[in-house]
Amino acid sequence: MAVSVRVRIAPSPTGFAHLGTASTALYNVLFARQNGGTFVLRIDDTDMERNRPEYELLIFESLRWLGLEWNEGPDKGGPFEPYRQSERLDIYKEEAARLLKDGNAYRCFCTPEELEAERKQAQLEKRPYVYSRRCLTDPPEGRTVFAVRFKVPGGEVAFTDMVRGDMRFDASLIGDFIIVKSDGYPTYQFASPVDDALMKMTHVIRGEEHLSNTPYQLMVIDALGYERPAAFAHMPLILAQDGAKLSKRKHPESNLILFREQGYLPEALINYLALLGWNPGTEQEIFSFDELVSVFSFDRVQHGGARFDWEKLNWLNGEYIRNLSDRELALRLRPFVPNVDEQTLERAVPALKTRMHKLTQAIDYLNYLWTDPAPPALDSATIERVRSAIDALQDVEWAPGAIEAALESAVAASGAGKGKFYTPLRDVLTGKKVSLPIHYTLALLPKDVALSRLHRAIKAQV
RNA sequence: GGCCCCGUCGUCUAGUGGCCUAGGACGCAGCCCUCUCAAGGCUGAGAUCGCGGGUUCGAAUCCCGCCGGGGCUACCA
């Protein structure tokens, strides 16, 4: 019987969860779901300087919002606890000691300045830099502060990548790298493979930035005598507008929480992310999550990075909004327009639906309901039209259909066009040039409020 | 600098030697619908397939060189 699939994502709480986090999480979940596997969330918090505990909560929240729930993780436990690297320090210490004892690692007493000098020198001589191994062959005397370096065995490291096929790297080009920092914390190149092995990961699916890190990690796993993951998958990077890798610091707009705040639907973002770097080979663009699970495959994944395109996301999000039932859309809109009562919101939805590519846009359409626009200046002909509108509306049933009918006969009687007639009404009611269709604009307002705004506009003229 | 990945309309992509006068989607333009804004319908512009050499009867598709972009090369992850 085959071992069941285990995959993971391992974000570091050095910032908010961003598009890249979501993207790798998605592919991991898709693959796990396809194979009845387990999706693990591990927190790689070994950077003492930059970790902030509150970011961990943000990561949980963002992933849950997207519906990318994990089976094992720091908040829900599992058979390989703990799932926070900061709580596994003794494990790394032990493994490092083992490497030290077996001669696969050694202590390095070099100072950052000395290493910097080595690097500069190599650059000057135009030779590729690898650590000199000074501390292996001729360690300086009398120093107490040290880091631990992995002794790179050289040779070739080969592995299978589900996206790119067979990969091979020449390890003689890789210098002895640090696996334990002088503060006692493990580096990513060490903690990550140790945990992948210990947590029995069968597949490692992550961003392309880790492709060249893979040989480092495989060498560590080999030296420790653990079993390697069966395969890797290095997914194309999500690029910013300038073509550079999306980063938390340079691209704060990639914060997932912001997507929620702007009114993007999680299912739309998922759909868009899936299409960034992967394509089904058909012309289908809209995919439910279950459809993605059934049709996704690594061999149709792009090898090059893809620029994130807000325009296309907006379109997709609009499509998803339009496909929501009125009830469901009203529900999702609630938090964005807390000033609007439930009933009014539900009545607004049919008109709102085709006019939004994100939920926040409802605010622009509805805020005339809870604000009071100043009466505009009107010429005498316009005043007449407003007056006849008031007359027409006076005894009408307060619903869009009836209002529309009443207004249309008033328009016909006035001899003016709908534009001339409706534009000032819109202006008086909302103070804006753009609004929902005029009969909706009226109907959503309480009748007395609507009529008093119209009355007031007429009186305001001298 | 070294190693690795990539290079088709502005963007995301289809395409694995002839089906390509290079297809789709977003965006853009025009028209229709229309009280505004959308949505919807129709039409259109937009890519000498990074460049230069080959191979071949025939290349976006194969080979070589170059150029360009990105990633890694940290006591960040």
Side-chain angles (χ1 to χ4, degrees), chain A residues 10-12 14-15 44-47 49-51 85 108 110-112 115-116 119 122-130 145-149 163-164 167-170 173-175 177-189 191-192 207-216 234 236-237 239 241-245 272 275-285 302-316 318 322 351-357 361 364-365 404 407-408 411 417-423 425-427 430 432-439 441:
Chain A
S12 342
T14 56
D44 280 13
D45 53 349
T46 55
D47 185 347
E49 307 267 299
R50 299 190 302 153
N51 286 329
Q85 291 192 324
C108 176
C110 296
T111 65
L115 295 172
E116 185 53 38
R119 225 171 278 129
Q123 204 165 48
L124 224 69
E125 295 170 23
K126 296 178 114 172
R127 119 185 98 74
Y129 173 72
V130 287
V145 178
F146 64 88
V148 179
R149 273 184 198 275
V163 174
R164 291 150 213 276
M167 302 293 307
R168 41 191 74 243
F169 285 84
D170 182 356
L173 267 17
I174 297 174
F177 54 95
I178 288 176
I179 56 175
V180 180
K181 305 178 232 178
S182 53
D183 65 4
Y185 274 71
T187 59
Y188 164 75
Q189 299 289 39
S192 183
E208 197 206 301
E209 71 264 38
H210 295 300
L211 187 54
S212 358
N213 287 329
T214 307
Y216 291 67
H234 289 96
L237 261 20
L239 274 21
Q241 217 30 252
D242 61 356
K245 178 179 114 170
Y272 178 68
L275 253 25
L276 248 202
W278 167 84
N279 80 83
T282 65
E283 282 174 7
Q284 185 177 351
E285 302 256 6
Q302 218 63 31
H303 294 194
R307 261 168 251 248
F308 191 84
D309 183 10
W310 289 89
E311 295 290 349
K312 183 138 187 182
L313 203 220
N314 286 341
W315 167 76
L316 241 188
R322 273 168 249 131
L352 233 29
K353 210 175 205 175
T354 59
R355 278 164 245 265
M356 298 186 294
H357 56 253
Q361 288 176 305
D364 288 325
Y365 280 111
E404 187 174 24
L407 246 27
E408 269 175 14
V411 170
K418 279 183 173 181
K420 278 228 181 313
F421 204 93
Y422 292 162
T423 303
L425 294 184
R426 168 171 292 116
D427 196 2
T430 69
K432 296 179 188 190
K433 296 264 174 287
V434 173
S435 82
L436 297 182
I438 200 68
H439 49 293
T441 303

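Note: hydrogens, waters and symmetry copies are ignored here, and every other heavy atom, side chains too, is used.
Atom-to-atom, CG of A/D45 to C1' of B/rA77 comes out at 11 Å; the value is rounded to the nearest Å. Distance A/D427 CG to B/rU36 C1': 11 Å, rounded to the nearest Å. Residue A/R164 contributes atom CZ, which lies 9 Å from atom C1' of B/rC4 at whole-angstrom precision. Rounded to an integer number of Å, the gap from CG of A/L239 to P of B/rC5 is 17 Å. Whole-Å rounding puts the A/H357 NE2 to B/rA25 P distance at 20 Å. What separates CD of A/E283 from C1' of B/rG23 is a distance of 7 Å, to the nearest Å. Computed from coordinates, the A/I174 CD1 to B/rC4 P distance equals 11 Å when rounded to whole Å. In this structure, A/E208 places its CD atom 13 Å from P of B/rU73, rounding to the nearest Å.
Here the separation of B/rG30 from B/rG18, taken at their P atoms, is 40 Å to the nearest Å. Of the C1' atoms belonging to B/rG52 and B/rC67, the separation is 10 Å, rounded to the nearest Å. Using atom P as the reference point in both B/rG7 and B/rG44, the two lie 31 Å apart (nearest Å). Remark: the separation of the C1' atoms in B/rC49 and B/rC42 is 30 Å, to the nearest Å. Here the separation of B/rC32 from B/rG23, taken at their C1' atoms, is 27 Å to the nearest Å. Annotation: B/rG15 and B/rG50 have their P atoms spaced 16 Å apart (nearest Å).
Side-chain N or O atoms of A/R127 include none that pairs as donor or acceptor with a backbone N or O of A/Q123 at under 3.5 Å. For the pair A/T46 (side chain) and A/T187 (backbone), a donor-acceptor distance under 3.5 Å is absent.
A donor-acceptor contact under 3.5 Å links the side chain of A/H439 to the base of B/rC35. Scanning atom types as modelled, no donor and acceptor separated by under 3.5 angstrom connect the side chain of A/S12 and the base of B/rA77. A donor-acceptor contact under 3.5 Å links the side chain of A/R426 to the base of B/rC35.
Counting non-hydrogen atoms under 4.0 angstrom, A/Q123 reaches nothing in the nucleic acid. Residue contacts shown for A/L173 are limited to sugar-phosphate atoms, with no base heavy atom under 4.0 Å away. At a threshold of 4.0 angstrom between heavy atoms, the contacts of A/L237 are confined to the sugar-phosphate backbone, with no base atom among them. Residue-level contact check: A/E49 touches neither bases nor backbone, having no heavy atom under 4.0 Å from any strand. Among the atoms of the strands shown, base atoms are found under 4.0 Å from some heavy atom of A/N213. Using a 4.0 Å heavy-atom distance criterion, A/H210 is classed as a base contact. Across all strands, A/F146 comes closer than 4.0 Å to no nucleic acid atom at all (heavy-atom distances). Nucleic acid contact class of A/T46 (heavy atoms, under 4.0 Å, all strands): sugar-phosphate only. Using a 4.0 Å heavy-atom criterion, one finds that A/S182 contacts the bases of the nucleic acid, with or without backbone contacts as well. The residue A/R127 sits apart from the nucleic acid: no heavy atom pair falls under 4.0 Å. The residue A/G207 sits apart from the nucleic acid: no heavy atom pair falls under 4.0 Å. A/T187 comes within 4.0 angstrom of sugar-phosphate atoms only, judged by non-hydrogen atoms across all strands, and of no base. Using a 4.0 Å heavy-atom criterion, one finds that A/F169 contacts the sugar-phosphate atoms exclusively.
Phosphate proximity of B/rA14 to A/Q302: present, with a side-chain N or O under 4.0 Å from OP1 or OP2. Taking 4.0 angstrom as the limit, A/K245 places none of its side-chain polar atoms (N or O) nearer than this to OP1 or OP2 of B/rG69. Remark: A/K312 is not in phosphate contact with B/rC26, judged by side-chain N or O atoms under 4.0 Å from OP1 or OP2. Within the structure, every side-chain polar atom (N or O) of A/R307 is placed at least 4.0 Å from both OP1 and OP2 of B/rG7. Under 4.0 angstrom from either OP1 or OP2 of B/rC6 there lies at least one side-chain N or O belonging to A/H303.
Of the candidates A/W278, A/W315, A/F308, A/W310, A/F308 is the only one forming a ring pair (Phe, Tyr, Trp, His ring centres under 6.0 Å) with A/Y272.
In this entry B/rC66 has B/rG50 as its Watson-Crick or G-U wobble partner, both defining distances falling under 3.5 Å. Across all strands shown, nothing is found opposite B/rC33 as a Watson-Crick or G-U wobble partner with both distances under 3.5 Å. In this structure, B/rG27 forms no base pair with any nucleotide, since neither Watson-Crick nor G-U wobble geometry is met with both distances under 3.5 Å. Here B/rC57 sits opposite B/rG18 as a Watson-Crick or G-U wobble pair (both hydrogen-bonding atom distances under 3.5 Å).
Comparing A/K181 and A/K126, the nucleotide of RNA chain B nearest to each residue sits closer to the 5' end for A/K126. Nearest-nucleotide assignment on RNA chain B puts the 5′-proximal partner with A/L275, out of A/E404 and A/L275.
Counting heavy atoms from C-beta on, the side chains of A/L237 and A/E209 come closer than 4.5 Å. A/K312 is listed as a side-chain neighbour of A/E285, based on a closest heavy-atom distance under 4.5 Å. Within the 4.5 Å cutoff, no side-chain heavy atoms of A/K432 are placed close to those of A/D427.
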Query - Evaluation steps, side chain to side chain donor-acceptor pair (under 3.5 Å), between A/D44 and A/Q85 - result: CA-CA 5 Å; A/D44 280 13; A/Q85 291 192 324; 3.1 Å; yes

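Between A/Y188 and A/H210, the ring planes lie tilted relative to each other; the angle falls in the 30° to 60° range.
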